[in-house]
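Notes follow once the structure below has been shown.
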Amino acid sequence: MRESNIKPAGSATLTVKGKNYELPVLSGTQGPDAVDIRKLYDQADLFTYDPGFTSTCSTESNITFIDGDKGVLQYRGYPIADLAEHSNFLESCYLLLYGELPTKTQMAAFEHSITHHTMVHEQLASFFRGFRRDAHPMAIMCGVVGALSAFYHDSTDITDKRQREVASHRLIAKMPTIAAMAFKYSVGQPFVYPRNDLGYTDNFMRMCFSVPADDYKINKVLSKALDTIFILHADHEQNASTSTVRLAGSSGANPFACIAAGIACLWGPAHGGANEAALKMLEEIGTVDRIPEFVAKAKDKTSGFRLMGFGHRVYKNYDPRAKAMQIQAHAVLDELGLHDDPLLKVAIELEKVALKDPYFIEKKLYPNIDFYSGITLRALGFPTSMFTVLFALARTVGWIAQWKEMLEDPHQKIGRPRQIYTGPTERKYVAMGSRK
Ligand code: CMC
């Protein structure tokens with residue numbers, strides 16, 4: 001069990017129907033204080049109402065910090081831009097999992113463990129063959145990752161620290177293999193086994209793009225871009241999929257089942273599916289001259305259309321990940337000689353137009369990470385259906401770090417929100433023959 005780092009910071013008084021309730025106020029190391037309402041129901045017979053949890057802290061956490069107004073994102077205190085520039089994905093995984101940047105020896109041991117867990121049970125391949133070839137790879141990911149608990153019985157005891165660690169390493173190591181298999185299955189090519197002499201992202205690129213008939217040459221610019229995409233997506237505090245993983249884990253579910261739940265949540269277009277949606281939107285816009293039409297549609301509430309890749313629940317400023325993403329998008333397009341890519345032109349112009357438009361300014365709608373990641377992933381050779389899979393691959397470390405943290409939290413309880421009930425009050429059962 002880990003110690004709580006929450007500090008008392010005074011109290012707040014809540015007055016309801018003339019009665020006062022003193023509620024403790026709590027402080028972390030950064031970010032807003034929080035009113036502790038844990039005893040509110042007991043003391044006042046009151047619930048709080050916060051659909052979408054916009055003002056609710058579900059947990060104490062020391063993994064990732066976001067200041068949405070200032071556009072700040074830090075993993076364990078390290079700014080995301082520094083990690084994107086100087087670190088690599090596996091080192092960031094270590095940081096997220098263990099709280100500190102590794103020493104050389106720690107890194108070597110971690111790399112060795114991840115590298116030696118990349119293979120999946122051979123029978124898992126037949127699991128893939130049960131899917132239709134046209135299945136969305138995220139559907140395959142949900143199924144196959146959930147199925148891992150049927151294969152690795154020796155790492156599902158969540159009360160055993162060592163088993164939790166083995167499960168964590170297995171998940172980080174096997175996600176690229178499973179993601180590459182989902183890709184290969186969808187394009188009808190043979191699965192490619194991992195290679196231990198390659199780094200994490202090089203190995204993944206090779207598993208995706210090599211074929212038995214041809215050797216695959218690692219391109220360091222492209223690998224660096226994908227590795228950066230992985231760093232940028234690795235964690236994002238208590239977002240929808242992470243909260244899903246925590247909620248699933250709060251019942252004591254095994255780690256593989258929890259991560260499968262996270263994958264299912266991530267799939268939605270308001271969350272991880274947005275990069276796919278953003279690219280489809282850029283394709284639909286097609287040319288720069290059609291931008292005003294789409295911007296007008298996004299501002300028209302009756303259209304039901306939103307500019308994909310714009311806006312964020314937490315960032316009310318430029319998404320700090322979008323800046324690093326934009327740099328990588330240009331690096332990849334330059335390397336591949338695609339700087340005249342029409343979609344990039346549409347994206348750059350759309351960003352300019354939206355950033356000057358009063359509607360987007362007033363509502364603080366800035367480009368988010370998904371705005372440039374779709375263009376980059378497409379240039380790297382991934383079909384749009386794989387975009388969310390890559391997000392899931394990267395976010396697995398965040399999910400697992402948060403899951404581990406939750407299990408080690410002395411205040412951990414099963415997650416169980418309440419509701420304001422507005423249905424019928426008690427009524428008498430009416431026999432079918434007497435119903436109107
Ligand atoms: N285009 C046009 N209008 C928008 C957009 C948009 N992309 N996003 C929000 N709005 C408007 C919305 O209509 C609302 O207007 P009003 O106040 O007049 O009703 C206002 O801005 C606030 O929107 P909201 O839906 O209440 O805000 P939210 O915090 O619940 O939603 C969001 C955040 C990300 C779901 C939303 O901005 C959105 O749907 N964006 C497009 C999808 C997208 O790019 N998602 C990726 C998020 S980043 C990846 C990740 O971290 O998971």
Side-chain angles (χ1 to χ4, degrees), residues 50-56 63-69 71-75 80 138 229-245 262-282 284-285 291-326 347 350-351 353-377 384 387-399 402:
D50 185 17
F53 312 121
T54 52
S55 302
T56 295
I63 301 175
T64 293
F65 175 71
I66 299 174
D67 183 331
D69 292 329
V72 169
L73 169 63
Q74 300 163 353
Y75 296 162
I80 192 68
M138 278 301 273
I229 292 179
F230 290 162
I231 295 174
L232 299 176
H233 285 87
D235 195 42
H236 213 225
E237 56 122 291
Q238 307 311 317
N239 60 86
S241 57
T242 300
S243 296
T244 302
V245 170
I263 293 172
C265 176
L266 185 74
W267 194 1
H271 191 6
N275 51 14
E276 186 174 342
L279 190 79
K280 278 187 183 148
M281 179 195 72
L282 292 175
E284 205 188 329
I285 298 175
I291 289 175
E293 179 196 328
F294 280 81
V295 170
K297 210 163 102 181
K299 294 193 303 192
D300 173 8
K301 288 271 177 291
T302 59
S303 71
F305 172 79
R306 285 184 171 199
L307 278 191
M308 287 293 137
F310 277 81
H312 198 274
R313 169 58 63 81
V314 179
Y315 295 119
K316 302 303 171 196
N317 201 323
Y318 209 98
D319 180 342
R321 302 167 301 172
K323 285 184 192 156
M325 198 58 254
Q326 196 189 33
L350 179 60
E351 182 180 358
V353 171
L355 288 176
K356 275 194 247 146
D357 191 298
Y359 173 94
F360 291 89
I361 295 170
E362 264 162 44
K363 294 187 189 304
K364 299 185 176 169
L365 298 170
Y366 294 87
N368 59 47
I369 185 170
D370 294 320
F371 190 62
Y372 281 105
S373 63
I375 298 173
T376 316
L377 294 174
T384 46
F387 291 1
T388 319
V389 173
L390 300 173
F391 190 163
L393 185 167
R395 185 56 59 84
T396 294
V397 62
W399 289 331
Q402 302 264 354

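Counting starts at 1 for both ligands and their atoms, following the listed order.
For ligand 1, the atoms lying closer than 4.0 Å to a non-hydrogen atom of Ala270 are 45 (N), 46 (C), 47 (C). Every atom of ligand 1 is numbered from 1 in the order shown, and the set under 4.0 Å from a heavy atom of Ala298 is 2 (C). Those atoms of ligand 1 with a heavy atom of Gly309 less than 4.0 angstrom away are 43 (C), 44 (O).
The one candidate from Asn239, Asp370, Thr388, Thr244 that meets the side chain to side chain donor-acceptor pair (under 3.5 Å) condition with His271 is Asn239.
Between the side chain of Asn317 and the main chain of Asp69, a donor-acceptor pair closer than 3.5 Å is present. Tyr315 places no side-chain N or O within donor-acceptor distance of the main-chain N or O of Asp67, the cut-off being under 3.5 Å. For the pair Arg395 (side chain) and His233 (backbone), a donor-acceptor distance under 3.5 Å is present. Under a 3.5 Å cut-off, the side chain of Ser243 and the backbone N or O of Gln238 do form a donor-acceptor pair.
The nearest heavy-atom contact from the protein to atom 41 (C) of ligand 1 is Phe310 O, 3.4 Å. At the top of the distance list for atom 29 (O) of ligand 1, counting protein heavy atoms only, stands Arg313 NE, 2.8 Å. In terms of protein heavy-atom proximity, atom 1 (N) of ligand 1 is closest to Leu307 N, 3.1 Å. Summary of contacts: the protein heavy atom closest to atom 45 (N) of ligand 1 is Ala274 CB, 3.3 Å. Looking only at protein heavy atoms, the nearest one to atom 51 (O) of ligand 1 is His312 NE2, 3.1 Å. Of the protein's non-hydrogen atoms, Tyr359 OH, 2.9 Å is the one closest to atom 3 (N) of ligand 1. Residue, atom and distance of the protein heavy atom nearest to atom 49 (C) of ligand 1 are Asp370 OD2, 3.1 Å. Nearest protein heavy-atom neighbour of atom 15 (O) of ligand 1: Lys301 NZ, 3.3 Å.
Put simply, atom 19 (O) of ligand 1 has protein non-hydrogen atoms near it, under 4.0 Å away. For atom 27 (O) of ligand 1, the nearest protein heavy atom lies 4.0 Å or farther away. By the definition of a contact as any protein heavy atom under 4.0 Å away, atom 22 (C) of ligand 1 is not in contact.
Only side-chain heavy atoms of Leu365 come within less than 4.0 Å of ligand 1; its backbone N, CA, C and O stay farther off.
Within the set Met281, Lys363, Arg306, His236, the minimum heavy-atom distance to atom 31 (O) of ligand 1 is found for Arg306.
Under the 4.0 angstrom criterion for non-hydrogen atoms, Arg321 is in contact with ligand 1.
A ring-centre distance under 6.0 Å is found for Phe310 and Phe371. In this structure, His312 has its ring center at least 6.0 angstrom away from the ring center of Tyr318.
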Does the salt bridge (charged side-chain N to carboxylate O under 4.0 Å, His left out) test come out yes or no for Glu276 and Lys280, once each step is laid out?
CA-CA 6 Å; Glu276 186 174 342; Lys280 278 187 183 148; 3.3 Å; yes
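When only modelled atom types and interatomic distance are considered, Glu351 and Tyr366 share no side-chain donor-acceptor pair under 3.5 Å. Side-chain contact annotation: Asp235 with Thr64, donor-acceptor N/O pair under 3.5 Å present.
Remark: Lys363 is positioned above the aromatic ring of Tyr359, its terminal NZ or CZ atom under 6.0 angstrom from the ring centre and at most 45 degrees off the axis.
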